[in-house]
Each structure stands twice: as C-alpha cells, then as structure tokens.
Amino acid sequence: MLLNVSILNLSKVLFEGQAIRVIVSGEVGVFEILPFHKRIISRLITGAVVVDQQSIPIRRGVIKADQNIVTIILEEK
C-alpha cells in the first residue's frame with residue numbers, strides 16, 4: 001500500500017504522486033507518515049519535507065493525512 005501525496009505552494013503543485021513514506025518537521029518534532037497512519041493535521045516548521053528520497057526545504061506549512069491521502073501546503077525557503 002502506498003500513500004497518495006500532493007505537495008503544493010500558493011502558486012503551483014510541487015509534487016503529486018505515490019510514496020512509501022513522508023517525513024516532516026512538526027511543531028513538537030520530526031514525524032513520519034506511513035500507510036495506514038492515523039488521521040492527523042499539523043502545522044509544519046522550518047525544515048524539509050522528505051517524500052521517499054526527495055527533499056523539499058520549507059519555511060512553514062500545514063499537513064493533513066487521512067486514509068493514505070497526504071496533502072501538504074507549504075511556503076518554500
């Protein structure tokens with residue numbers, strides 16, 4: 001089972017596709033989203049969004065994960 005991931009900023013889609021895992025920097029630390037992850041909505045802080053092996057540096061953002069669908073809206077560095 002894979003995650004369906006969409007990563008957007010205010011003007012374009014940065015990534016759209018399937019992934020095994022997503023790693024992000026939340027307010028209380030770094031966490032990983034894997035298939036069948038419990039529903040979550042979290043603010044993101046400065047760091048990076050890592051989708052499998054691809055890394056996107058970010059300033060801040062928001063992540064929502066629900067039923068293997070991950071949506072991230074972010075402000076790039």
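Ser6 and Glu16 get closest at one heavy-atom pair: OG-OE2, 3.4 Å. Pairing each heavy atom of Ser25 with each of Thr46, the nearest pair is CB-O, 4.2 Å. Residues Ser55 and Val50 approach most closely at OG-CG2, 4.1 Å, considering heavy atoms. Of all heavy-atom pairs between Leu34 and Ile20, the closest is CD2-O, 3.9 Å. The two residues Asp52 and Gln18 come nearest to each other via the heavy atoms OD2-O, 4.3 Å.
Residues Val22 and Leu3 are in side-chain contact: their nearest non-hydrogen atoms beyond the backbone lie under 4.5 Å apart. The shortest distance between side-chain heavy atoms of Gln67 and His37 does not fall below 4.5 Å. At a threshold of 4.5 Å between non-hydrogen side-chain atoms, the residues Ile40 and Ile63 do not count as touching. Using a 4.5 Å heavy-atom threshold, the side chains of Leu14 and Glu76 count as touching.
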**Study point:** Test log, rule side-chain contact (heavy atoms from CB on, under 4.5 Å), inputs Leu44 and Ile72
**Key:** CA-CA 9 Å; Leu44 303 176; Ile72 301 172; 3.9 Å; yes
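Checked against Val49 for a side chain to side chain contact (heavy atoms under 4.5 Å, CB included), the options Ile23, Ile7, Val70 give a single hit: Ile7.
Following chains of ILVMFWY side-chain contacts shorter than 4.5 Å, one cannot reach Leu8 starting from Val24, and the two form parts of different hydrophobic clusters. Cluster membership for Val5 and Phe31, using ILVMFWY side-chain heavy atoms within less than 4.5 angstrom, is shared. Follow the hydrophobic side-chain contacts under 4.5 Å out from Leu2 and you never reach Phe15; the two are in separate clusters. Ile56 and Ile33 end up in the same hydrophobic cluster when Ile, Leu, Val, Met, Phe, Trp and Tyr side chains are linked at under 4.5 Å.
Once rounded to the nearest 0.5 Å, the distance linking CZ of Arg43 with CD of Glu27 reads 4.0 Å. One distance of note links CZ of Arg39 with CG of Asp66; it measures 4.0 Å at 0.5 Å rounding.
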